[in-house]
Amino acid sequence: MAYNVILLEQSLEELTLLDKQIAKRILYKIGTYLVKSPKTLGKPLKGEFAGFFKYRIGDWRIIYYLDEESNTITITKIGHRKEVYNH
């Protein structure tokens with residue numbers, strides 16, 4: 001069963017600031033793989049990000065919240081691995 005994806009405004013802005021090739025790759029991975037099995041592909045985060053998951057695409061990370069009741073993936077951040085966990 002495929003999940004619905006919601007991109008928060010912040011994650012959409014972060015995506016538009018990326019190189020077009022990288023943005024296409026990220027959107028492809030989300031639409032092809034993450035929507036099918038977000039719990040097994042993503043890793044749960046700890047600490048202040050507890051309750052969220054991360055999905056790795058090369059040096060890029062997608063931070064998302066998974067709502068299994070409504071079959072929804074809410075993407076909250078998209079960024080480089082060195083910067084995505086900063087506020």
Side-chain angles (χ1 to χ4, degrees):
M1 175 190 317
Y3 285 75
N4 295 316
V5 177
I6 298 171
L7 280 152
L8 294 184
E9 189 175 331
Q10 176 185 345
S11 59
L12 192 56
E13 285 178 25
E14 292 165 343
L15 190 62
T16 58
L17 294 173
L18 296 177
D19 179 72
K20 288 186 191 266
Q21 292 279 22
I22 294 168
K24 279 184 184 180
R25 181 176 173 206
I26 288 172
L27 289 173
Y28 174 78
K29 294 282 189 170
I30 290 171
T32 306
Y33 300 105
L34 190 63
V35 295
K36 293 180 183 172
S37 56
K39 202 165 187 177
T40 55
L41 286 177
K43 291 187 178 183
L45 295 173
K46 299 176 183 175
E48 66 181 285
F49 292 101
F52 290 88
F53 289 81
K54 72 174 177 182
Y55 180 49
R56 178 180 172 263
I57 301 172
D59 285 341
W60 302 93
R61 302 293 183 268
I62 298 169
I63 308 298
Y64 63 94
Y65 174 76
L66 179 62
D67 185 353
E68 293 191 73
E69 260 184 44
S70 64
N71 286 341
T72 304
I73 300 168
T74 303
I75 298 177
T76 57
K77 286 192 92 162
I78 298 173
H80 193 272
R81 65 185 177 89
K82 291 182 180 180
E83 301 165 355
V84 76
Y85 304 106
N86 299 333
H87 295 280

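Placement of Phe52 and Ile62 in two distinct hydrophobic clusters is found when ILVMFWY residues are connected by side-chain heavy-atom separations under 4.5 Å, directly or transitively. Val35 and Ile6 sit in two unconnected hydrophobic clusters of ILVMFWY residues. Membership requires side-chain heavy atoms under 4.5 Å apart, directly or through other members. No single ILVMFWY cluster, assembled from side-chain heavy atoms under 4.5 Å apart, contains both Leu12 and Tyr65. Taken together through direct or relayed side-chain contacts under 4.5 Å among Ile, Leu, Val, Met, Phe, Trp and Tyr, Leu41 and Ile75 form part of one hydrophobic cluster. Tracing side-chain contacts under 4.5 Å through hydrophobic residues (I, L, V, M, F, W, Y), one reaches Leu15 starting from Val5; they form part of the same cluster.
In this pair, Tyr85 and Phe49 present their aromatic rings perpendicular. The plane angle is above 60°, beyond the 30 to 60° band.
Proximity of a side-chain donor or acceptor of Glu14 to a complementary backbone N or O of Gly79 within less than 3.5 Å is not detected. At least one donor-acceptor pair under 3.5 Å links the side chain of Lys77 to the backbone N or O of Val84. At least one donor-acceptor pair under 3.5 Å links the side chain of Thr32 to the backbone N or O of Tyr28. Between the side chain of Thr76 and the backbone N or O of Ile63, at least one donor-acceptor pair lies under 3.5 Å.
At least one side-chain heavy atom of Pro38 sits under 4.5 Å from a side-chain heavy atom of Tyr64. Proximity of Leu34 to Tyr3: side-chain heavy atoms (C-beta onward) are nowhere separated by under 4.5 Å. Contact check for Trp60 versus His80: side-chain heavy atoms found under the 4.5 Å cut-off.
The two residues Arg61 and Asp59 make their nearest non-hydrogen contact at NH1-C, 3.5 Å. Annotation for Leu8 and Ser11: closest pair O-OG, 2.7 Å, computed over non-hydrogen atoms.
Separation of atoms CG (Asp19) and NZ (Lys24) is listed at 10.0 Å; rounding is to 0.5 Å. In this structure, CD1 on Ile22 lies 12.0 Å from CD1 on Ile78, to the nearest 0.5 angstrom.
Listed by chain and residue number, Asp67, Thr72 satisfy the side-chain contact (heavy atoms from CB on, under 4.5 Å) test with Ser70 (two or more places apart in sequence, or in another chain).
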- Give the intermediate values and the outcome of side chain to side chain contact (heavy atoms under 4.5 Å, CB included) for residues Ile73 and Ile30. CA-CA 10 Å; Ile73 300 168; Ile30 290 171; over 6 Å; no
